Amino acid sequence: MQWEVIIGLEIHIQLLTKSKIFSESPVCFGYNANTQINPFDLALPGVLPVLNKKAVEYAIKFGLAINAKISPYSIFVRKNYFYPDLSKGYQISQLELPLIKGGNILFPIEEKKQKIKWGSTEIVQAHLEEDAGKLLHKNYSDKTGIDFNRAGIPLLEIITQPSMHSAQEAVSCAKSLHSLVMWLGICDGNMQNGSFRCDVNISIKKINKNEYGTRNEIKNLNSFRFMEEAINYEINRQIKLLENNNIIAQETRRYDPDIKKTILMRKKENSKDYRYFPDPDLPPLFISDKWVKYIKSTIPELPNVIRERIIANYNLSEFYAIKLTQSKKIAYFFENSIIHSDISKIKLLIGWLIKEIIPKINQNNDINDLPITPIQFSFLLKRIFDGTISNKIAKDIFFIICQEKSLDPGIVDHIIKTNKLYQISDSSILEKIVDTVLSTNSKLIKEFYSGKKQAINALIGKAIKLSNNKANPVKLSEIFKKILK
């Protein structure tokens, strides 16, 4: 029997505001428990909420980036449920009249041989709400601690249509949302710290049947790898239940990465269980067209625009254009590097970016504190182009620059001169190195003559090592082929 998988996402992102959404408490991570709180966060008697304007601005910025409708009128509601980390006994959120309605998110799906197909899903809505506190189970034998530092941090909950049909699609969609909110500067994207959390709704139905199956939700997935594992496990679990004529109960589940299974948390609540009603302490939220236009003017150039420009200007594939726009830092570095580089050598530039530069950039959170400047990078490539240094030596120089953290554009030539790292291209010197290698590697020579042509690569590698990585590999190859022929 054939089954169709239906997946929808609920993404919670912590907004990068300095204070909480309804109080003046600071938004900080890593502080001692219950030190970043005030009376409102603890729901002490007589306290009232005051809405954070910056949180609203960030939410509108996201809505504009996905071409959503910004509601001129929205309200906050109380979502009632009892849990120890929810001090008030309710969460302030939005429901039927949210700030953001509609919109669309495109996401690339990588296929074989670096080919890309594009998926898309509509956004049902995105709304503001407050985060809850955190329960602490470690270091306690028979007790649970509560840390309210996180209580009240502004969240933007993004709800997609249930329009995805595989773990690959769902993860690609989540990654695109993750990249976008960081690009906009409204979230730091730190999944380990809970800044970007994914809930996944999954149901199974028979192919060509209109009626959806019973939905199960997997809560608080904080890594894309775990997200993919959890979805695939849950799909297989539900299919097995249906194929054995069992009923799927509506549940909220969590994923345990140690045993690679989803586990029941509780029976799934319905909307009516939360007894939503308008929060009497917060007035309706009115958004003016003038403010929306101002926020729109602050949105940076979006990745899809830069991708199209890169493809058109440099004749690159979608695969590489996506790699170069996975973050604003990387796109910034590429476009500033290409200005000072030889475009005819763009393949070498792209290879360096993907293998060496991008991993370093991704380790650094500050766009203004890159491991190497675009001008230094272009000088480094230039010295590879003109034969001054080998590609291997260039990697050593790159490591030195990253360690020294110098902004001097002339540091590349300085390192080459000081350490005498010039590439050896003199044929007479290279021939002596080749003679030495050939005189001590008779086994590789026999393999070459027996038809194993790749043996010459091993000989070249030994010659490069003998020259302390300074020998010109192209000229070495020519000399080896000439002698062995």
Side-chain angles (χ1 to χ4, degrees), residues 10-63 74-95 97-100 125-136 145-158 181-182 184-197 199 220 222 274 276 278-287 291 295 365:
E10 297 175 17
I11 309 289
H12 294 81
I13 67 167
Q14 289 186 357
L15 298 175
L16 269 178
T17 56
K18 293 181 180 179
S19 59
K20 296 182 179 179
I21 188 168
F22 298 118
S23 80
E24 294 181 347
S25 295
V27 174
C28 303
F29 178 81
Y31 281 71
N32 291 334
N34 299 311
T35 58
Q36 310 298 302
I37 56 176
N38 73 3
F40 180 80
D41 304 327
L42 296 176
L44 298 182
V47 293
L48 295 172
V50 178
L51 180 60
N52 187 327
K53 183 178 179 181
K54 183 60 72 171
V56 179
E57 179 183 321
Y58 284 168
I60 293 172
K61 185 177 283 191
F62 172 79
S74 61
I75 64 170
F76 288 95
V77 297
R78 292 185 178 182
K79 180 180 180 181
N80 296 273
Y81 65 93
F82 179 77
Y83 209 63
D85 59 13
L86 196 66
S87 56
K88 297 187 295 295
Y90 61 85
Q91 178 190 34
I92 301 176
S93 182
Q94 293 185 309
L95 181 64
L97 295 173
L99 179 59
I100 297 163
Q125 68 180 55
H127 59 261
L128 287 166
E129 63 184 22
E130 60 181 345
D131 208 345
K134 185 177 182 180
L135 297 180
L136 304 174
I146 306 176
D147 180 8
F148 284 107
N149 284 350
R150 198 175 68 180
I153 288 180
L155 295 179
L156 183 67
E157 181 176 358
I158 305 161
V181 296
M182 290 199 302
L184 294 171
I186 64 174
C187 175
D188 65 16
N190 192 318
M191 299 183 75
Q192 186 176 357
N193 294 346
S195 299
F196 188 95
R197 310 193 292 269
D199 298 343
N220 293 329
N222 64 351
Y274 292 120
Y276 287 99
D279 192 307
D281 294 331
L282 284 162
L285 180 58
F286 294 95
I287 306 297
W291 194 31
I295 295 172
N365 292 322

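As the structure is a prediction and not an experimental result, all values here were calculated from the model.
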Q: Which heavy atom of Ile37 sits nearest a heavy atom of Asn34, and at what distance?
A: CD1-O, 3.5 Å
Q: Any side-chain heavy atom of Val181 within less than 4.5 Å of one from Ile13?
A: yes
Q: Do Lys61 and Val56 pass the side chain to side chain contact (heavy atoms under 4.5 Å, CB included) test, and can you show the C-alpha distance, the side-chain angles, and the key distance before you say yes or no?
A: CA-CA 9 Å; Lys61 185 177 283 191; Val56 179; over 6 Å; no
Q: For the atom pair CG (Asn80) and OH (Tyr274), what is the distance rounded to the nearest 0.5 Å?
A: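 Rounded to the nearest 0.5 Å, the CG-OH separation comes out at 11.0 Å.
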Q: Using side chain to side chain contact (heavy atoms under 4.5 Å, CB included), reason through Leu155 and Glu130 one step at a time and then give a plain yes or no.
A: CA-CA 6 Å; Leu155 295 179; Glu130 60 181 345; over 6 Å; no
Q: Decide yes or no for Asp131 and Arg197: does some side-chain heavy atom of the first lie under 4.5 Å from some side-chain heavy atom of the second?
A: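 They are in contact (side-chain heavy atoms under 4.5 Å apart), so the answer is yes.
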Q: Please round to the nearest 0.5 Å and tell me the distance separating atom CD1 of Ile100 and atom CD of Gln125.
A: 9.5 Å
Q: With Lys79 as the cation and Tyr90 as the aromatic partner, state whether NZ or CZ is under 6.0 Å from the six-membered ring centre and within 45° of the axis.
A: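 No - Lys79 does not lie over the ring of Tyr90 by the 6.0 Å and 45° rule.
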Q: Considering non-hydrogen atoms only, spot the tightest contact between Ala55 and Thr17 and give its length.
A: N-CG2, 3.8 Å
Q: My understanding is that only residues two or more places apart in sequence, or in another chain, count here; which of them pass side-chain hydrogen bond (donor to acceptor under 3.5 Å, both in side chains) with Ser195?
A: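 By the side-chain hydrogen bond (donor to acceptor under 3.5 Å, both in side chains) rule, Ser195 matches Asp188.
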Q: Which residues pass the side chain to side chain contact (heavy atoms under 4.5 Å, CB included) test with Pro26, sequence neighbours left out?
A: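 Side chain to side chain contact (heavy atoms under 4.5 Å, CB included) list for Pro26, sorted by chain: Cys28, Gln36.
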Q: Would you please name every residue forming a ring pair (Phe, Tyr, Trp, His ring centres under 6.0 Å) with Tyr58, sequence neighbours left out?
A: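 Ring pair (Phe, Tyr, Trp, His ring centres under 6.0 Å) check on Tyr58 returns nothing, list empty.
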Q: Could you report the tightest heavy-atom contact between Gly194 and Gln14, atom names first, then the distance?
A: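 That would be O-NE2, 3.6 Å.
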Q: What is the distance from atom CD1 of Ile11 to atom CG of Leu156, rounded to the nearest 0.5 Å?
A: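 Answer for the CD1-CG pair, Ile11 versus Leu156, is 11.0 Å.
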Q: Suppose we screen for ring pair (Phe, Tyr, Trp, His ring centres under 6.0 Å). Which residues come up paired with Phe286, at least two apart in sequence or across chains?
A: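 Counting only residues at least two positions away or on another chain, Phe286 forms a ring pair (Phe, Tyr, Trp, His ring centres under 6.0 Å) with Tyr73.
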Q: Begin from the C-alpha positions of Glu157 and Gln94 and carry the test side chain to side chain contact (heavy atoms under 4.5 Å, CB included) through to its verdict.
A: CA-CA 10 Å; Glu157 181 176 358; Gln94 293 185 309; over 6 Å; no
Q: Sequence neighbours left out, what passes side-chain hydrogen bond (donor to acceptor under 3.5 Å, both in side chains) with Glu10? Give chain and number order.
A: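 Glu10 satisfies side-chain hydrogen bond (donor to acceptor under 3.5 Å, both in side chains) with Asn201 only.
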Q: Applying side-chain hydrogen bond (donor to acceptor under 3.5 Å, both in side chains), name anything that partners Ser19, two or more places apart in sequence or on another chain.
A: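 Scan of Ser19 (side-chain hydrogen bond (donor to acceptor under 3.5 Å, both in side chains), adjacent residues dropped) gives Asn52.
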Q: Distance-only, no hydrogens or angles: does the Asp281 side chain make a donor-acceptor pair with backbone N or O of Leu48 under 3.5 Å?
A: no
Q: Any side-chain donor-acceptor pair under 3.5 Å between Asn38 and Glu24?
A: no
Q: Nearest 0.5 Å, please: how far is CG in Leu285 from CD1 in Ile75?
A: 10.5 Å
Q: Check side chain to side chain contact (heavy atoms under 4.5 Å, CB included) between Leu135 and all other residues, then give those that pass, not counting sequence neighbours.
A: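 Tyr83, Pro84, Asp85, His137, Thr144, Ile146.
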Q: Could you tell me whether a side-chain N or O of Asn32 sits under 3.5 Å from a main-chain N or O of Thr35, the two making a donor and an acceptor?
A: no
Q: Please name all residues satisfying ring pair (Phe, Tyr, Trp, His ring centres under 6.0 Å) with Phe62, sequence neighbours left out, ordered by chain then number.
A: none
Q: Using the rule given for salt bridge (charged side-chain N to carboxylate O under 4.0 Å, His left out), can you reason through Asp147 versus Lys134, listing the C-alpha separation, both sets of side-chain angles and the distance that settles it, and then say yes or no?
A: CA-CA 5 Å; Asp147 180 8; Lys134 185 177 182 180; over 6 Å; no
Q: Would you give the length of the straight line joining atom CG of Leu15 to atom CD1 of Ile153, rounded to the nearest 0.5 angstrom?
A: 10.0 Å
Q: Measuring from atom CZ of Arg150 to atom CG of Asn193, what distance do you get when rounded to the nearest 0.5 angstrom?
A: 10.5 Å
Q: Kindly write out the residues that satisfy side-chain hydrogen bond (donor to acceptor under 3.5 Å, both in side chains) with Asp279, not counting sequence neighbours, or none if the list is empty.
A: Arg78
Q: Can you list everything that forms a side chain to side chain contact (heavy atoms under 4.5 Å, CB included) with Ala43? Sequence neighbours excluded, please.
A: Ser87, Lys88
Q: Could you report the tightest heavy-atom contact between Gly189 and Met182, atom names first, then the distance?
A: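 Between these two residues, the closest heavy atoms are CA-SD, 3.7 Å.
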Q: Does anything in residues 29-55 pair up under salt bridge (charged side-chain N to carboxylate O under 4.0 Å, His left out), and if so which pairs, sequence neighbours excluded?
A: Lys20-Asp41, Lys54-Glu57
Q: If you look only at pairs with a residue in residues 17-53, which of them pass as a ring-ring contact (aromatic ring centres under 6.0 Å, His included), with sequence neighbours excluded?
A: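 Those involving residues 17-53 are Phe22-Phe76.
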